[in-house]
Amino acid sequence: MADDTNESSGHKDRDKSPDEVALSARLGSLDQRLSKIRDGRKIGADQPGNGSGDTAARASAMARGLRLSSELIAGVLVGALLGWGFDRLLSTSPFGFIVFFLLGFAAGVLNVVRSAGIAPDRPRQ
């Protein structure tokens, strides 16, 4: 009776033990189930509505990152320009630039923190 089982499985299964035959059957079943899952994912990915959420999330994150970085850069540039202007106007060469550059950096960081939602917009009274 064992020979009938091995003959129906094919020639390659004759030399295998019963454990190996059972393992091969389980492996074949797993392969079929994985193929079905992969096919389902390919069909789902081809539909136009499914992939747009991930793309929109990436675009939103990139927009937020650009906005935060531009706020920091703007604060630093405005501070540097004001300091340079005061230095030119009052002839206090590097001191006004340094002070306003640091103030611009602090203002830029504060704007980034507020825009990111880490700190409240106004202090509570």
Side-chain angles (χ1 to χ4, degrees):
M1 186 118 190
D3 291 331
D4 292 337
T5 307
N6 284 340
E7 286 178 14
S8 64
S9 306
H11 179 66
K12 62 183 178 180
D13 289 342
R14 266 189 209 160
D15 298 334
K16 293 183 180 181
S17 70
D19 291 337
E20 290 177 348
V21 172
L23 186 61
S24 294
R26 287 179 56 202
L27 184 61
S29 171
L30 179 63
D31 187 39
Q32 289 175 354
R33 287 185 290 168
L34 285 174
S35 295
K36 288 178 185 177
I37 291 171
R38 286 184 191 133
D39 291 342
R41 285 187 181 174
K42 286 180 185 177
I43 291 170
D46 292 340
Q47 293 176 355
N50 289 345
S52 64
D54 188 36
T55 306
R58 283 190 194 139
S60 175
M62 183 176 282
R64 186 171 182 174
L66 287 173
R67 187 183 79 211
L68 294 176
S69 63
S70 67
E71 288 190 21
L72 178 65
I73 291 169
V76 171
L77 287 178
V78 168
L81 287 174
L82 284 174
W84 179 77
F86 277 112
D87 281 342
R88 298 282 287 180
L89 185 65
L90 303 175
S91 298
T92 57
S93 194
F95 300 110
F97 178 78
I98 293 170
V99 168
F100 278 94
F101 182 83
L102 293 175
L103 285 175
F105 179 76
V109 169
L110 185 63
N111 283 338
V112 168
V113 169
R114 285 181 181 167
S115 293
I118 297 171
D121 287 340
R122 293 184 181 179
R124 296 181 188 215
Q125 295 176 357

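These numbers come from a predicted model, not from an experiment.
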[X]: side chain to side chain contact (heavy atoms under 4.5 Å, CB included) partners, not counting sequence neighbours:
X	result
T92	D87, L90
A107	none
V99	L103
I98	P94, L102

Considering only Ile, Leu, Val, Met, Phe, Trp and Tyr, and joining two whenever side-chain heavy atoms are under 4.5 Å apart, list the other residues clustered with [X].
X	value
L34	L30
L27	none
L66	M62

Q. Which pairs with one or both residues in residues 25-36 pass side-chain hydrogen bond (donor to acceptor under 3.5 Å, both in side chains), sequence neighbours excluded?
A. none

(Q) Per the side-chain hydrogen bond (donor to acceptor under 3.5 Å, both in side chains) rule, what does the pair list look like for residues 70-83, sequence neighbours excluded? (A) E71-S115

Q) Once you round to the nearest 0.5 Å, how far does CG of L77 lie from CZ of F105? A) 12.5 Å

Q) Are V113 and V76 co-members of a hydrophobic cluster defined by side-chain heavy atoms under 4.5 Å apart? A) yes

**Q.** Set of side-chain hydrogen bond (donor to acceptor under 3.5 Å, both in side chains) partners for S69, sequence neighbours left out
**A.** none

Q. For residues 61-93, which residue pairs qualify under ring-ring contact (aromatic ring centres under 6.0 Å, His included), counting only residues two or more places apart or in two chains?
A. F86-F100

Q | R67, CZ atom: more than 12 neighbouring heavy atoms under 6.0 Å | A | yes

Q. Would you say the side-chain atoms of S24 pair up with the backbone N or O of E20, donor to acceptor, closer than 3.5 Å?
A. yes

Q) Any side-chain heavy-atom pair from L72 and L68 closer than 4.5 angstrom? A) no

